[in-house]
Amino acid sequence: MKLKQLITESVKTVSRCYPEEEAREMVFAYLEYAFGTKKYTHIIEPDYEISEDGVSQSQQAFDRMASGEPLQYVTGEAYFYGRRFSVTSSVLIPRPETEILCQSVLSSSGAERDARILDLCTGSGCIAWTLALELPGVQVTAVDISDDALKVASGQDFSEEISRSAALKPDFIKADVLATPLAELGQFDVLTSNPPYVMESEKALMRRNVLDHEPELALFVTDEDPLVFYRAVALWASALLKPEGLGIVEINEALGAETAVVFAEAGMADVKIICDLPGKERFVSFRKPKTD
Ligand SMILES: C[S@@+](CC[C@H](N)C(=O)[O-])C[C@H]1O[C@@H](n2cnc3c(N)ncnc32)[C@H](O)[C@@H]1O
């Protein structure tokens, strides 16, 4: 089949679930992943052919997208901070706004090259790996409760980049941040976390492709106690951060002030709310106070 015809048919298929423009972008992204074609290939090479096998494989992929499965789960990959991460339905798809959290750590003092960094609720490991690779020499410890997520995180293949630099592979550890004592992990210079923070009542505002396909465990907290993870993270910050150690957490944009209070009440200093590019309150940063 000609690429041109495959594009027309596939946009129609994916548009069953997405607005047409978004469907078109997804079709181009999948075709680039599967065949290496670009958005303009069918224009400059109108006779470009896709094999029968290629057509049938891509039709299956587009049917999955039309049923709401996110493109990243269909291809098994997502890009974060310029790197390709493997993803499965056991992990949250890394979101672009979480890159700001990594950027904030990289531009702050404390994340020097021999620092120890703790990432709680690591999921795909996107934060842990990004910091480990951007700061060769830092030792990152990353924690999650899900065996399947930990398998994905520790299986990310950055061996080539590691062999070119002095970067160290993060240690991935199974633990429940709400219950497991983490004191034996030692002391850290930086603590990061993007824990579950979406309230059950916010489900109504979410798109079906997120609700039906991304892991509940990664997303939701109860309306009765939406800050449960932040109270736990604040306790770990008190126990595990070195004096003047830096903490940055991603937050629910509707609960910025309340989340900041959790860290202030846990005795953290310099508690600040950081906004994302569209101006939504998206992160809270803090420092463990200096001891005299
Ligand atoms: C919002 S996802 C964040 C994933 C990743 N850090 C990111 O930014 O894409 C939250 C993660 O917390 C993990 N999680 C949920 N409950 C947990 C708990 N009690 N202890 C440790 N991890 C937990 C989930 O398995 C999920 O991987």
Side-chain angles (χ1 to χ4, degrees), residues 70 72-73 76-106 117-134 140-156 170-182 185 190-200 202-203 206 210-211 213-222 225-237 239-240 247-255 259 274 276 282-285:
Q72 293 89 337
Y73 289 152
E77 64 178 36
Y79 283 80
F80 183 82
Y81 217 88
R83 293 185 180 85
R84 181 197 164 281
F85 283 79
S86 296
V87 292
T88 69
S89 56
S90 302
V91 298
L92 189 86
I93 297 166
R95 303 296 202 265
E97 55 270 23
T98 306
E99 295 180 353
I100 298 173
L101 183 153
C102 294
Q103 186 57 55
S104 302
V105 173
L106 294 173
I117 298 179
L118 177 62
D119 180 41
L120 298 175
C121 300
T122 199
S124 63
C126 58
I127 299 172
W129 276 105
T130 298
L131 297 177
L133 294 169
E134 290 295 320
V140 182
T141 300
V143 168
D144 205 283
I145 199 172
S146 155
D147 285 316
D148 290 337
L150 287 166
K151 208 185 280 175
V152 173
S154 69
Q156 300 293 355
D171 287 329
F172 290 98
I173 292 175
K174 179 172 176 165
D176 178 350
V177 305
L178 301 179
T180 314
L182 298 174
L185 296 178
V190 177
L191 184 156
T192 58
S193 186
N194 177 17
Y197 59 68
V198 183
M199 290 180 276
E200 293 281 341
E202 292 175 313
K203 275 187 178 174
M206 294 175 73
V210 174
L211 285 177
H213 296 276
E214 297 209 65
E216 286 236 345
L217 181 65
L219 288 167
F220 295 109
V221 286
T222 62
D225 196 4
L227 300 179
V228 59
F229 280 94
Y230 297 95
R231 286 201 310 280
V233 172
L235 282 178
W236 295 126
L240 303 181
I248 305 188
V249 294
E250 187 164 323
I251 62 165
N252 184 323
E253 69 190 64
L255 300 171
T259 312
I274 303 172
D276 61 14
R282 184 63 72 188
F283 310 95
V284 167
S285 71

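This chain uses plain numbering: 1 for the first residue, then up along the sequence. Counting starts at 1 for both ligands and their atoms, following the listed order. No experiment lies behind these values; they were computed from the predicted model shown.
- By the 3.5 Å distance cut-off applied to N or O atoms, Ile145 is counted among the residues near ligand 1.
- Taking CZ of Phe172 as the start and CH2 of Trp129 as the end, the distance is 5.5 Å to the nearest 0.5 Å.
- Within the 4.5 Å cutoff, the side chain of Asn194 has no heavy atoms near those of the Arg95 side chain.
- When hydrogens are left out, the protein atom nearest atom 12 (O) of ligand 1 is Cys121 CB, 3.2 Å; that is the closest non-hydrogen contact.
- Considering both main-chain and side-chain atoms, Ser124 never comes within under 3.5 Å of ligand 1 through any nitrogen or oxygen pair.
- What you find for Phe283 and Ile251 is that their closest heavy atoms are N-CG1, 3.7 Å.
- Between Leu92 and ligand 1, not a single N/O pair is under 3.5 Å apart.
- Atom CG of Leu120 is separated from atom CD1 of Ile173 by 10.5 Å, given to the nearest 0.5 angstrom.
- Given atom 1 (C) of ligand 1, the protein heavy atom at minimum distance is Ala218 O, 2.9 Å.
- Sparse packing is recorded around NZ of Lys151, with 12 or fewer heavy atoms of other residues, nucleotides or ligands lying under 6.0 Å away.
- In this structure, atom 5 (C) of ligand 1 lies nearest to the protein heavy atom Thr122 O, 3.3 Å.
- Proximity of Arg83 to Leu133: side-chain heavy atoms (C-beta onward) are separated by under 4.5 Å at one or more points.
- For the ligand labelled ligand 1, residue Ala128 lies outside the 4.0 Å heavy-atom shell.
- The backbone N or O of Leu92 lies less than 3.5 Å from no partner atom in the side chain of Glu214, so there is not a single donor-acceptor pair.
- Heavy-atom distances between Val91 and ligand 1 stay at or above 4.0 Å for every pair.
- The protein atom (non-hydrogen) at minimum distance from atom 9 (O) of ligand 1 is Cys126 SG, 3.5 Å.
- In terms of protein heavy-atom proximity, atom 19 (N) of ligand 1 is nearest to Asp176 OD1, 2.7 Å.
- Residue Gly123 approaches ligand 1 through these ligand atoms, each under 4.0 Å from one of its heavy atoms: 4 (C), 27 (O).
- Close N/O approach between Ile127 and ligand 1 is not found [any backbone or side-chain N/O within under 3.5 Å].
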Using the side chain to side chain donor-acceptor pair (under 3.5 Å) rule, take Thr122 and Asp144 through it: C-alpha gap first, then chi angles, then the decisive distance, then the call.
CA-CA 6 Å; Thr122 199; Asp144 205 283; over 6 Å; no
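- Checking only distances, Asp119 never comes within under 3.5 Å of ligand 1, N or O to N or O.
- What sits closest to atom 15 (C) of ligand 1 on the protein, heavy atoms only, is Leu217 O, 3.3 Å.
- Residue Phe80 places no heavy atom under 4.0 Å from ligand 1.
- Using a 4.5 Å cut-off on side-chain heavy atoms (C-beta onward), Ile145 and Val177 make no contact.
- Using cut-offs of 30° and 60° for the angle between ring planes, the Phe85 and Phe80 rings count as perpendicular.
- The ligand atoms of ligand 1 that sit less than 4.0 angstrom from a heavy atom of Ala175 are 20 (N), 21 (C).
- Only one option out of Pro215, Cys126, Ser124, Ser146 pairs with Val91 in a side-chain contact (heavy atoms from CB on, under 4.5 Å); it is Ser124.
- Counting protein heavy atoms only, atom 8 (O) of ligand 1 is closest to Asn194 ND2, 2.8 Å.
- Under a 4.0 angstrom heavy-atom cut-off, Thr98 registers as being in contact with ligand 1.
- Counting the atoms of ligand 1 from 1 in the order shown, those under 4.0 Å from a heavy atom of Phe229 are 16 (N), 17 (C), 18 (C), 19 (N).
- Here the protein heavy atom with the shortest distance to atom 27 (O) of ligand 1 is Asp144 OD2, 2.7 Å.
- You'll find the side chain of Thr130 stays beyond 4.5 Å of the side chain of Val105, heavy atoms only.
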